[in-house]
Amino acid sequence: MTLDEIILLRLYNQQISHNPSKSPEDVVSWMGAIQAQDYAGAKWSLGLRLPHSREADIDEAIARRAIVRTWPMRGTLHFVAADDVRWMLKLLTPRIISGSAGRNRQLELDETIFNKSHDLLIRAMEGGKQLMRSEVYAILENADITTAGQRGIHIINYLAQKQVLCHGVHNEKQPTYALLDEWIPVSKNLEGKEALAELALRYFKSHGPATLNDFVWWSGLKISDTKEGLNAVLPMLERIEFDGKMYWVEAGRPEINAGQSIFLLPGFDEYMLGYTDRTLILEAQHAGKIVPGNNGMFMPTIVVDGKVKGLWKRIPKKDKISIEISPFEKFTKAKIKLITTEAKKYGNYLGRSVSLID
């Protein structure tokens with residue numbers, strides 16, 4: 001298999017060039033999880049995989065609790081399907097919690113404080129209440145639990161990873177928190193080997209061709225656990241060798257016709273963040289442009305024929321949105337035309353007029 005074939009398959013399996021899903025929960029369930037610390041960008045990650053969808057459709061899926069935003073892996077916010085939230089948290093968060101022990105000691109957070117916070121917030125939120133972060137912090141502060149120095153968000157993270165809290169519906173631009181047992185009363189129960197196998201199958205079907213190391217990075221699990229998960233689903237996968245590495249993809253891969261394609265992806269899209277090795281799609285000389293100053297904030301990318309060839313950003317104006325592009329190399333008129341088409345798709349998703357800045 002060639003590099004171009006691997007890239008085309010990834011675009012197809014990630015449902016970027018191929019769009020079989022009918023709803024936001026279909027996309028999230030297929031992908032396993034969608035990285036979502038950038039809320040608006042994560043919603044566009046779903047929207048671009050659902051042609052003709054609007055941002056309001058994503059908001060509606062969140063409001064009807066079909067998808068939920070929480071911290072299942074790598075200590076990072078993701079969208080997960082409601083039916084998957086508990087088994088994923090149960091499988092993935094123990095290692096995160098264990099790895100946070102040192103930081104919790106620095107912040108003087110211990111079981112006593114976590115348990116007290118747990119009881120306070122359950123009493124304050126039961127009955128379907130959704131509280132903004134400032135309201136959560138006020139409840140803790142009033143009980144002499146200081147939230148300064150990142151203590152507050154670490155308490156929220158811990159309780160979310162313990163399946164107590166999750167995100168609710170945004171209050172304008174502010175996130176809210178709800179009790180998971182009230183927000184998602186019922187979800188699938190998978191444990192141990194079954195959960196590992198399910199996660200591995202979801203990952204390699206949606207992100208493949210991918211390596212075992214890619215799966216280790218994405219899941220945050222120990223390599224022994226990822227190997228166990230991969231071995232359990234080998235009959236459903238095909239092994240591909242490229243450049244001395246082994247890649248795995250769902251068996252019976254489709255024939256994909258190569259053709260010029262351009263996509264405007266948000267900064268934290270799974271196409272970029274779903275792999276530990278990004279050199280297949282991004283030249284090393286441009287890597288610093290994606291995360292300026294190595295600050296952890298990924299810029300939105302222009303993907304041309306599967307490779308990152310530039311950056312874009314939205315500039316909101318009174319009656320429209322302008323798109324400013326920063327190509328790594330001069331784009332042809334044909335590419336500019338395709339980018340304009342993609343910008344219009346983004347505008348349709350937002351319900352706004354969108355144009356490129358000359």
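Excluded from the calculations below are hydrogen atoms, water molecules and symmetry mates; all remaining heavy atoms, backbone and side chain alike, are included. Bear in mind the structure is a predicted one, so any value in this text is a computation, not a measurement.
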Count the heavy atoms of every other residue, nucleotide or ligand shown that sit under 6.0 Å from CD of Gln260, and state whether that count exceeds 12.
-> yes
In terms of heavy-atom contacts, does CZ of Arg239 have more than 12 from other residues, nucleotides or ligands at under 6.0 Å?
-> no
For [X] and [Y], which I'm curious about, is there any donor-acceptor pair between the side chains at under 3.5 Å?
| X | Y | value |
| --- | --- | --- |
| Asn189 | Lys90 | yes |
| Gln37 | Thr76 | no |
| Thr146 | Arg151 | no |

Whether [X] side chain and [Y] backbone form a donor-acceptor pair below 3.5 Å:
| X | Y | value |
| --- | --- | --- |
| Arg10 | Pro209 | yes |
| Asp38 | Gly41 | yes |
| Trp312 | Pro327 | no |
| Asn104 | Leu109 | no |
| Glu135 | Met132 | yes |
| Arg95 | Gly220 | yes |
| His118 | Phe114 | no |
| Glu182 | Leu179 | no |
| Asn142 | Ala138 | yes |

Measuring only between side-chain heavy atoms, which start at C-beta, is [X] closer than 4.5 Å to [Y]?
| X | Y | answer |
| --- | --- | --- |
| Leu273 | Phe298 | yes |
| Leu237 | Val249 | no |
| Met272 | Ile290 | yes |
| Ile34 | Leu46 | yes |
| Phe242 | Met1 | no |
| Arg69 | His78 | no |
| Val216 | Leu221 | no |
| Ile323 | Lys313 | no |

Find out if a path of hydrophobic residues (ILVMFWY) with successive side-chain heavy-atom gaps under 4.5 Å connects Leu91 to Ile96.
->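 Cluster IDs for Leu91 and Ile96 differ.
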Ile155, Leu131: one ILVMFWY side-chain cluster at the under-4.5 Å cut-off?
->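 Looking at the clustering, Leu131 is in the same group as Ile155.
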Please report the C-alpha distance between Leu77 and His167 in whole Å, then the side-chain angles of each, then the deciding distance to 0.1 Å, and finally whether the side-chain contact (heavy atoms from CB on, under 4.5 Å) criterion is met.
-> CA-CA 10 Å; Leu77 277 167; His167 274 241; 3.7 Å; yes
Listed once per pair and sorted, the side chain to side chain donor-acceptor pair (under 3.5 Å) pairs that draw on residues 216-230, sequence neighbours left out |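 Sorted pair list: Trp218-Glu270.
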Working for side-chain hydrogen bond (donor to acceptor under 3.5 Å, both in side chains), residues Thr147 and Glu141 | CA-CA 7 Å; Thr147 59; Glu141 291 282 355; 2.8 Å; yes
Please step through side-chain contact (heavy atoms from CB on, under 4.5 Å) for the pair Arg86 and Leu89, ending with a clear verdict.
-> CA-CA 5 Å; Arg86 282 185 178 78; Leu89 288 169; 5.7 Å; no
Heavy-atom pair with the smallest gap, counting every atom of Gly306 and Ile7 =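 Closest approach of Gly306 to Ile7, heavy atoms only: CA-CG2, 3.2 Å.
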Glu111/Lys116 ion pair, N-O < 4.0 Å |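 Answer for the salt bridge query: no.
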Is there a side-chain hydrogen bond (donor to acceptor under 3.5 Å, both in side chains) between Arg352 and Tyr346 once you walk through the steps?
-> CA-CA 9 Å; Arg352 301 279 301 277; Tyr346 182 58; over 6 Å; no
[X] side, atom [atom1]; [Y] side, atom [atom2] - distance, nearest 0.5 Å:
| X | Y | atom1 | atom2 | result |
| --- | --- | --- | --- | --- |
| Asp26 | Asn19 | CG | CG | 12.5 Å |
| Ile6 | Ile281 | CD1 | CD1 | 12.5 Å |
| Asp4 | Lys307 | CG | NZ | 5.5 Å |
| Thr276 | Asp214 | OG1 | CG | 6.5 Å |
| Glu5 | Tyr12 | CD | OH | 15.0 Å |
| Tyr275 | Asp277 | OH | CG | 11.0 Å |

Begin with the C-alpha distance, continue with both residues' side-chain angles, and end with the deciding distance and a verdict on side-chain contact (heavy atoms from CB on, under 4.5 Å) for Leu356 and Glu324.
-> CA-CA 6 Å; Leu356 290 188; Glu324 182 178 74; over 6 Å; no
Decide side-chain contact (heavy atoms from CB on, under 4.5 Å) for Leu50 and Ser23; before the verdict, give the C-alpha distance in whole Å, the side-chain angles of both, and the deciding distance to 0.1 Å.
-> CA-CA 7 Å; Leu50 292 165; Ser23 67; 5.7 Å; no
Would Lys43 and Asp59 count as a salt bridge (Lys or Arg N to Asp or Glu O under 4.0 Å) if you check the C-alpha gap in whole Å, the side-chain angles of each, and the deciding distance to 0.1 Å?
-> CA-CA 8 Å; Lys43 291 197 293 182; Asp59 291 333; 2.7 Å; yes
Could you go step by step and tell me if Ser187 and Asp83 meet the side-chain hydrogen bond (donor to acceptor under 3.5 Å, both in side chains) rule?
-> CA-CA 4 Å; Ser187 58; Asp83 203 35; 5.6 Å; no
Please state whether the rings of His286 and Phe328 are parallel, tilted or perpendicular, taking 30° and 60° as the class boundaries.
->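 Rings of His286 and Phe328: parallel, as their planes differ by under 30°.
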The residue among Arg133, Lys129, Gln130 that forms side chain to side chain donor-acceptor pair (under 3.5 Å) with Tyr177 is Arg133
Option from Arg64, Arg65, Arg49 for which salt bridge (Lys or Arg N to Asp or Glu O under 4.0 Å) with Glu25 holds =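 For Glu25, the salt bridge (Lys or Arg N to Asp or Glu O under 4.0 Å) check succeeds only for Arg64.
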